[in-house]
Amino acid sequence: MPLADIAAAEGTPLYVYSAAALRARFRAIDGAFGDYPHALHYALKANSTFAIARLVHDLGGAADANSIWELDLARRAGFALEDIVFTGVGKSAAEIDRAVSLGLLAINVESPGELDRIDQRAIALDATARVALRVNPDIDAKSHPHISTGLKSNKFGVPIDEAPALFREMASRRGLLPVGAHVHIGSQITTLDPLSKAAEAVVSLARDLRIEGIELQHLDMGGGLGISYDGSPVVDPASYVRALVAATRGSGLKVAIEPGRVLVGPAGVLLTTVVDVKQFPGAKRFVVLDAGMT
Ligand SMILES: Cc1ncc(COP(=O)(O)O)c(C=O)c1O
């Protein structure tokens with residue numbers, strides 16, 4: 001359908017997403033795993049429009065929720081509780097309560113303090129919370145500093161060196177069941193190396209834990225894969241998946257990923273109407289849009 005027809009029918013400004021493009025991107029990533037056990041937890045923060053969430057669900061995807069509202073949206077879109085992970089660096093008491101009482105695939109734990117809070121609430125609710133520890137591997141994602149989350153100067157996760165002790169602690173808590181390790185080093189990452197290194201770091205952690213008798217069920221490698229906004233090269237999603245599987249295969253552990261931008265970004269456009277054109281003599285020409293200050 002021509003975009004101009006949609007603009008004429010709906011008015012502008014207007015975001016339009018192509019279901020076909022989204023499906024193609026999902027299948028390219030999903031298919032690259034071949035028969036290796038995996039799950040694509042769509043990071044709802046990338047676009048929590050209901051129709052998009054439902055489309056990902058219908059494609060066989062899973063969900064990554066970052067707030068109570070995203071949890072509710074995921075459930076309304078049809079995601080089963082065992083297909084939802086719950087992430088977030090500052091989960092509120094209400095969010096912890098909701099996540100624990102629902103019994104999700106995993107709550108991705110950000111700190112020793114949060115681990116305590118989840119344990120206490122699980123005991124109070126007579127539940128066992130399935131938890132995955134988010135580790136901070138101190139790896140530079142080589143993206144924009146404001147969307148880099150994997151360096152020790154960033155607030156996210158726990159230093160990977162402290163992870164074994166925290167996993168032991170988790171295994172000893174009545175309210176917790178450690179099921180996974182989680183890493184997410186940033187967004188709009190356009191080179192493979194940092195993503196491969198992060199994957200290798202969590203696989204190595206899982207191996208060490210296995211020697212100690214702590215057996216994980218999955219490794220959540222987060223999201224972060226970048227897209228091209230200006231034609232500059234990016235990592236091909238299939239190469240990314242191959243690198244993750246190459247790092248993980250020896251462990252046999254299931255790989256979860258949390259792609260956001262890479263799924264929806266290239267599937268969408270913003271339609272806007274030119275309201276005015278202003279030519280300042282000998283200077284710039286401004287095109288004034290109905291879509292904002294850009
Ligand atoms: C924990 C986590 N997972 C997944 C994502 C999605 O990242 P992206 O859209 O870059 O794939 C983010 C984005 O900030 C995140 O913080």
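Indexing begins at 1, ligand by ligand and atom by atom, following the structure's order. Numbering of residues begins at 1 and proceeds along the displayed sequence.
- Within the listing of ligand 1, atoms 8 (P), 9 (O), 11 (O) sit less than 4.0 angstrom from a heavy atom of Gly260.
- Any N or O atom pair closer than 3.5 Å counts here, and Glu258 shares at least one such pair with ligand 1.
- With hydrogens and angles ignored, the 3.5 Å screen pairs a side-chain donor or acceptor of Asp138 with a backbone N or O of Lys152.
- The Thr87 neighbourhood of ligand 1 comprises atoms 1 (C), with distances under 4.0 Å to a heavy atom of that residue.
- Of all heavy-atom pairs spanning Ala43 and Glu258, the tightest one is CB-O, 3.7 Å.
- Looking at Ser187 next to ligand 1, an N or O pair under 3.5 Å apart turns up.
- Taking both residues in full, the closest heavy atoms of Leu40 and Pro259 are given as CG-CG, 4.4 Å, listed atom of the first, atom of the second, then distance.
- No close placement of the Phe26 and Tyr42 rings is indicated, their centers lying 6.0 Å or farther apart.
- Each of the following atoms of ligand 1 lies closer than 4.0 Å to a heavy atom of Gly223: 4 (C), 11 (O).
- Nearest to atom 12 (C) of ligand 1 among the protein's heavy atoms is Lys45 NZ, 3.0 Å.
- Of the N or O atoms in Val262, none lie within a sub-3.5 Å distance of an N or O in ligand 1.
- Annotation: Phe286, atom CZ; neighbour count of heavy atoms from other residues, nucleotides and ligands within 6.0 Å is above 12.
- A heavy-atom separation below 4.0 Å is found between Asp64 and ligand 1.
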Derivation of the side-chain hydrogen bond (donor to acceptor under 3.5 Å, both in side chains) call for His184 and Asp220: CA-CA 8 Å; His184 172 80; Asp220 183 340; over 6 Å; no
Step-by-step side-chain hydrogen bond (donor to acceptor under 3.5 Å, both in side chains) determination, Tyr17 to Asn47: CA-CA 10 Å; Tyr17 284 82; Asn47 187 320; 3.2 Å; yes
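- Shown here is Asp230, whose CG atom has more than 12 heavy atoms of other residues, nucleotides or ligands within 6.0 Å.
- Between the side chains of Arg134 and Thr87, no donor N or O sits under 3.5 Å from an acceptor N or O.
- At least one N/O-N/O distance between Arg261 and ligand 1 falls below 3.5 Å.
- Closest protein heavy atom to atom 5 (C) of ligand 1: His184 CE1, 3.4 Å.
- Residue Ala43 has at least one heavy-atom neighbour below 4.0 Å for each of these atoms of ligand 1: 4 (C), 5 (C), 6 (C).
- Here's the thing with Gly186: none of its N/O atoms is less than 3.5 angstrom from an N/O atom of ligand 1.
- Within the structure, the closest approach of Gly222 to ligand 1 does not fall below 4.0 Å when heavy atoms are considered.
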